[in-house]
Protein chains: 2
Amino acid sequence: MNGEAPRIILLAHGSSDQRWCRTFETLATPTLESVPGSRIAYMELAEPSLDTVISEGSSEGARQYTVVPLFLAAGRHLRKDVPAMIEELQSRYDVSITLAPPIGENPELGKAIRDVVIHELDSHKQPA
Amino acid sequence: MNGEAPRIILLAHGSSDQRWCRTFETLATPTLESVPGSRIAYMELAEPSLDTVISEGSSEGARQYTVVPLFLAAGRHLRKDVPAMIEELQSRYDVSITLAPPIGENPELGKAIRDVVIHELDSHKQPA
């Protein structure tokens with residue numbers, strides 16, 4: 001591995017429902033604005049696919065990627081399907097792709113959820 | 001609506017995979033420790049179900065609930081299945097249940113994801 005910083009790819013499941021994809025694009029926005037070269041990609045049912053993003057990055061010369069799953073927990077997709085996709089893409093584009101844990105396994109998410117709930121409760125309080 | 005604070009129920013999808021449920025229980029912990037009376041419930045495939053949690057709360061005299069979905073975006077489950085479950089439970093237990101937006105629609109989550117990604121990048125930096 002060389003000193004090149006990996007490109008971050010935020011991986012969402014994907015859906016044919018555009019509202020669903022819009023929610024993920026909004027969720028990704030603070031990351032995309034803060035991390036140069038970062039992109040969002042979908043596992044299925046929406047574009048850009050992981051293949052599209054790796055293909056475009058590869059043609060720009062990027063060889064290192066870290067895929068951060070926008071999933072709260074790891075199920076079959078993250079244990080089986082995504083590792084298989086990554087293995088195939090590494091071979092096809094001659095790149096190195098690391099799969100990070102799903103965001104929901106990071107303690108920051110639990111704290112953010114607590115803050116959301118406390119805000120939700122405050123919004124239910126009636127004026128005195 | 002009276003002045004009673006609603007009981008918070010963190011609703012996860014549920015899975016027969018115990019590792020999946022453990023991740024959600026860990027995610028819920030900061031909320032459960034901070035918000036008195038809050039609980040986690042599963043839509044399907046795991047216990048406690050939403051029915052179990054409302055039934056137990058009802059027997060303790062709690063009449064107001066807010067369900068906060070531990071989902072990143074709203075798909076069919078949150079648009080159709082969960083509202084139908086809530087309607088049926090409100091009638092059966094004579095309680096009032098509010099469905100909050102999924103946590104992923106709150107801007108706090110996007111910022112937490114950014115922090116997770118920046119931490120992930122830092123962990124890849126090689127020592128100078």
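Treat the numbers as computed from the prediction; the structure is a model and nothing was measured. Note on naming: letters A, B, ... go to the chains in the order of the sequence lines (proteins, then strands), and numbering restarts at 1 for each one.
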Interchain contact, Ile113(B) with chain A, by part (heavy-atom threshold 4.5 Å): both
Say whether Val116(B) and Val35(A) are linked into one hydrophobic cluster, either directly or through other cluster members, by side-chain heavy-atom distances under 4.5 angstrom. yes
Shorter than 4.5 Å, heavy atoms on both sides: which option in Pro107(A), Gly104(A), Ala112(A) has the most such pairs with chain B? Gly104(A)
Taking every heavy atom of Pro30(B) against every heavy atom of Lys111(A), the minimum-distance pair comes out as CG-N, 4.1 Å
Answer yes if Phe24(B) and Leu99(B) sit in the same cluster of Ile, Leu, Val, Met, Phe, Trp and Tyr residues linked by side chain heavy atoms under 4.5 Å apart, and no otherwise. no
Write down the atom of Ile118(B), the atom of Ser34(A), and the distance for their closest heavy-atom approach. CD1-CB, 4.4 Å
Once you round to the nearest 0.5 Å, how far does OG1 of Thr66(B) lie from CD of Glu120(A)? 6.0 Å
Thr31(A) and Arg114(B): which non-hydrogen atoms are nearest, and at how many Å? OG1-CA, 3.2 Å
First locate atom CG of Leu109(A), then atom CD1 of Ile103(B), and finally report the distance between them rounded to the nearest 0.5 Å. 7.0 Å
How about CD on Glu87(B), more than 12 heavy atoms from neighbouring residues, nucleotides or ligands closer than 6.0 Å, or not? no
Separation of Arg19(A) CZ from Glu105(B) CD (nearest 0.5 Å): 10.0 Å
With only heavy atoms counted, which part of Pro102(A) is less than 4.5 Å from chain B, the side chain, the backbone, both or neither? neither
Cluster check Ile86(A), Tyr65(A): I/L/V/M/F/W/Y, side chain < 4.5 angstrom: yes
In residues 69-85 of chain B, which residues are in contact with chain A at a heavy-atom separation under 4.5 Å? Leu70(B), Phe71(B), Leu72(B), Ala73(B), Ala74(B), Gly75(B), Arg79(B)
Between Tyr93(B) and Tyr42(B), is there a shared hydrophobic cluster once you connect ILVMFWY residues whose side-chain heavy atoms come closer than 4.5 Å? no
Considering only heavy atoms from C-beta outward, does the side chain of Val117(A) approach that of Ser38(B) to under 4.5 Å? no
Scored by heavy-atom pairs under 4.5 Å with chain A, the best of Val68(B), Asn106(B), Leu10(B), Asp17(B) is Asn106(B)
Can you tell me which portion of Ile8(A) sits under 4.5 Å from chain B's heavy atoms? Options are side chain, backbone, both or neither. side chain
Identify whether Val95(B) and Leu121(A) are in the same connected component of the hydrophobic contact network (ILVMFWY, side-chain heavy atoms under 4.5 Å). no
For the interface with chain B, which of Thr26(A), Thr23(A), Leu27(A) has the highest count of heavy-atom pairs at distances below 4.5 Å? Leu27(A)
